[in-house]
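When a residue number appears, it is its place in the shown sequence, counting from 1. In each ligand, atom 1 is the first atom listed, and ligand 1 is the first ligand listed.
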Amino acid sequence: MFDATPLKGQRLVVVGAGSRTGRALAKAAWAAGAALVLAGPDPRKLEWTAGELSGPLEVLPLDLADERSISDFAGLVGGFDHLVSTAAMPANGPLRDLELADVQRAFSAKVIGPLLLAKHLAGQVSQGGSFTFFSGVAAWRPAPARTVMATTNGALAFLVQALAVEIAPIRVNAVSPGIVDTGSWDGLGADKEAFLRGVAERNPARRVGSPEDLIKAVFYAIDNPYVTGTVLHVDGGGRLA
Ligand SMILES: NC(=O)c1ccc[n+]([C@@H]2O[C@H](COP(=O)([O-])OP(=O)(O)OC[C@H]3O[C@@H](n4cnc5c(N)ncnc54)[C@H](OP(=O)(O)O)[C@@H]3O)[C@@H](O)[C@H]2O)c1
């Protein structure tokens, strides 16, 4: 499916490997010959992913809301080539109902956590290595009750520019998904199909995204040595329409 030869033998850390896009990415990178470190807050979910991949790989706990967890992770993981984080802890809802702790968690996943990953791990990235973080279309298409989501994803887009300059020549990029059927919309239940159909009717690509669309962008960000400080919009043009 992917021309992913450059990942062969590369040591790749996947933060969020326990579910959805992170899990799909881990499986695709594994198939492409990467040496994987599966990271995330829930060891049971990580073991679930690991159980589907035969062969040696590492599983390490990592909570982006906790600097000690990040520094402990840095102490355990050793050197690596690339890190991808799909982490998100959304705090959605009308402003009047937002709790500060939820807002802070949302910023931890998308802004403070990635900043601290760069702080604690940049010294362990090999030559030609990279960080790739996940932003999201909400930053470019704000909507009521999505203010925190819009702001965290937008801040991440600027963070990758700043980090690309500060920790150069390590490359730092973001992938910004539009509406992608990763499983995160399953909570809509019977309304999910109509929701996704409506999204596809409105966006210029006239389709909903798949995890594979996101993985292709991640592989591109990892592989292209002249791409840094960039947001790759994988949103079917949804931010424009
Ligand atoms: N799907 C879409 O339509 C869409 C649209 C726009 C943007 N995005 C962005 O794309 C990314 C992937 O989305 P997704 O749909 O695959 O699923 P998701 O449910 O948003 O994935 C969130 C991931 O973050 C991890 N996580 C949560 N708290 C964490 C923490 N404290 N430290 C480290 N990791 C933590 C979760 O770990 P566990 O596995 O342990 O739960 C999970 O793997 C997210 O950043 C999301 O915001 C998605």
Do any heavy atoms of [X] fall under 4.0 Å from ligand 1?
X: W185; result: yes
X: P177; result: yes
X: G178; result: yes
X: P90; result: no
X: R105; result: no

Short side-chain to backbone donor-acceptor contact, [X] and [Y], under 3.5 Å:
X: N173; Y: G229; answer: yes
X: S130; Y: H82; answer: no
X: D81; Y: R11; answer: yes
X: K110; Y: S135; answer: yes

Do me a favour and list the nearest non-hydrogen protein atom to [atom] with residue, atom name and distance?
atom: atom 31 (N) of ligand 1; answer: D63 OD1, 2.8 Å
atom: atom 19 (O) of ligand 1; answer: R20 NH1, 2.8 Å
atom: atom 13 (O) of ligand 1; answer: T21 OG1, 4.0 Å
atom: atom 42 (C) of ligand 1; answer: S19 OG, 3.3 Å
atom: atom 25 (C) of ligand 1; answer: A87 CA, 4.0 Å
atom: atom 29 (C) of ligand 1; answer: P41 CG, 3.6 Å
atom: atom 28 (N) of ligand 1; answer: M89 CG, 3.2 Å
atom: atom 44 (C) of ligand 1; answer: T86 O, 3.1 Å

Below 4.0 Å, non-hydrogen atoms only: which portion of [X] touches ligand 1? Side chain, backbone, both or neither.
X: T182; answer: side chain
X: S176; answer: neither
X: N153; answer: neither

May I ask you to check whether A88 has an N/O atom sitting below 3.5 Å from an N/O atom of ligand 1? yes
V180 versus ligand 1: do any nitrogen or oxygen atoms come within less than 3.5 Å of each other? yes
Heavy-atom distance under 4.5 Å between the side chains of F131 and L163, does that happen here? no
Pick whichever of V137, D181, L62, L117 has a heavy atom sitting closest to atom 33 (C) of ligand 1. L62
Hey, what do you get for NE2 (H120) to CG (L116), rounding to the nearest 0.5 Å? 5.5 Å
